[in-house]
Amino acid sequence: MTASRRPLIAGNWKMNGKTADGVALASGVAEKMKAAGDVSFDLLVCPPFTLVSRVGDAIKGSGVMLGGQDCHTAPSGAHTGDTSAEMLADLGCGCEIVGHSERRTNHKESDELVLAKAEAAHANGLVAIICIGETESQRDAGKTLDVNGSQVAGSVPAGSTAKNTVVAYEPVWAIGTGRTPTNDEVQEVHAFIRAELVKKVGADEAGAMRILYGGSMKPGNAKELIALEDVDGGLIGGASLKADDFWAIAQASV
Ligand code: PGA
């Protein structure tokens with residue numbers, strides 16, 4: 001974290017929550033935000049598509065931002081089961097996660113597709129939160145930097161800016177496992193990602209672009225992770241499902 005980049009604390013609810021749970025969670029987060037007044041971080045919740053509208057109502061006026069978890073590349077058309085970036089923007093989303101490893105794995109999403117989704121987000125005025133990260137076997141094989149470098153090269157659209165793009169480094173083996181890289185390992189990868197972003201978007205945008213850490217971030221480890229020079233916040237799964245834990249992580253960025 002450096003003073004020039006405002007931390008972003010983003011909750012990825014994944015496929016969790018029925019209406020009552022989602023509204024209660026969103027209201028809990030919104031209440032904490034309202035009570036806090038002026039804060040030094042951005043706070044974002046990304047509920048499943050079924051809850052986007054209701055969560056949007058629950059957080060209205062609180063300063064908590066709303067985001068989607070994925071989108072189709074097209075604005076509309078014959079794409080059964082899909083949701084467009086235009087639709088998310090229409091519901092009040094300001095951000096959208098693209099290329100999460102669960103989508104890269106479960107839906108075989110390629111870098112090319114993730115890049116096209118990020119472009120669709122940009123075209124609709126949404127901030128694209130582009131996820132990258134190595135698997136455990138890639139790390140064991142010493143390929144961590146290669147993998148993340150090629151995902152930056154392949155998934156981040158040319159012309160991305162610090163305003164419309166956030167990169168989330170999420171080691172696949174750390175997601176939902178309670179395991180994390182060491183602080184030095186996290187900082188090494190984040191600094192490397194920023195250097196790769198320089199090649200893609202230039203030094204000014206890369207220097208201002210937020211790079212989040214994701215993968216088993218919790219209240220207990222958030223402070224030391226977010227304190228790292230090139231870590232500008234977190235993308236939080238499990239711990240974003242409890243308002244108290246999510247808020248504690250946000251407080252760790254202060
Ligand atoms: P986790 O998930 O915090 O539950 O590890 C993070 C993510 O997948 O974004």
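Remember, it's 1-based here, ligands and their atoms both numbered in the order they're listed. Worth saying up front: this structure is predicted, and the values here are computed from it rather than measured. If you read the sequence from its start, that first residue is 1, and numbering goes on from there.
Panel note: side chain Asn16, backbone Trp13; a donor-acceptor pair is recorded below 3.5 Å. For Arg5 (side chain) and Gly233 (main-chain N/O), no donor-acceptor pair under 3.5 Å exists by modelled atom type.
Between the side chains of Glu86 and Ser84, no donor N or O sits under 3.5 Å from an acceptor N or O. Asp230 and Gln187 share a side-chain donor-acceptor pair at under 3.5 Å.
Applying the ring-ring contact (aromatic ring centres under 6.0 Å, His included) criterion to Tyr169, with sequence neighbours excluded, gives His190.
Between Glu136 and Arg139 there is no salt bridge, since no side-chain N of the basic residue sits under 4.0 Å from a carboxylate O of the acidic one.
Contact residues of ligand 1 (protein heavy atom closer than 4.0 angstrom to a ligand atom; sorted by chain and number): Asn12, Lys14, His100, Glu170, Ala174, Ile175, Gly176, Gly215, Ser216, Leu235, Ile236, Gly237, Gly238.
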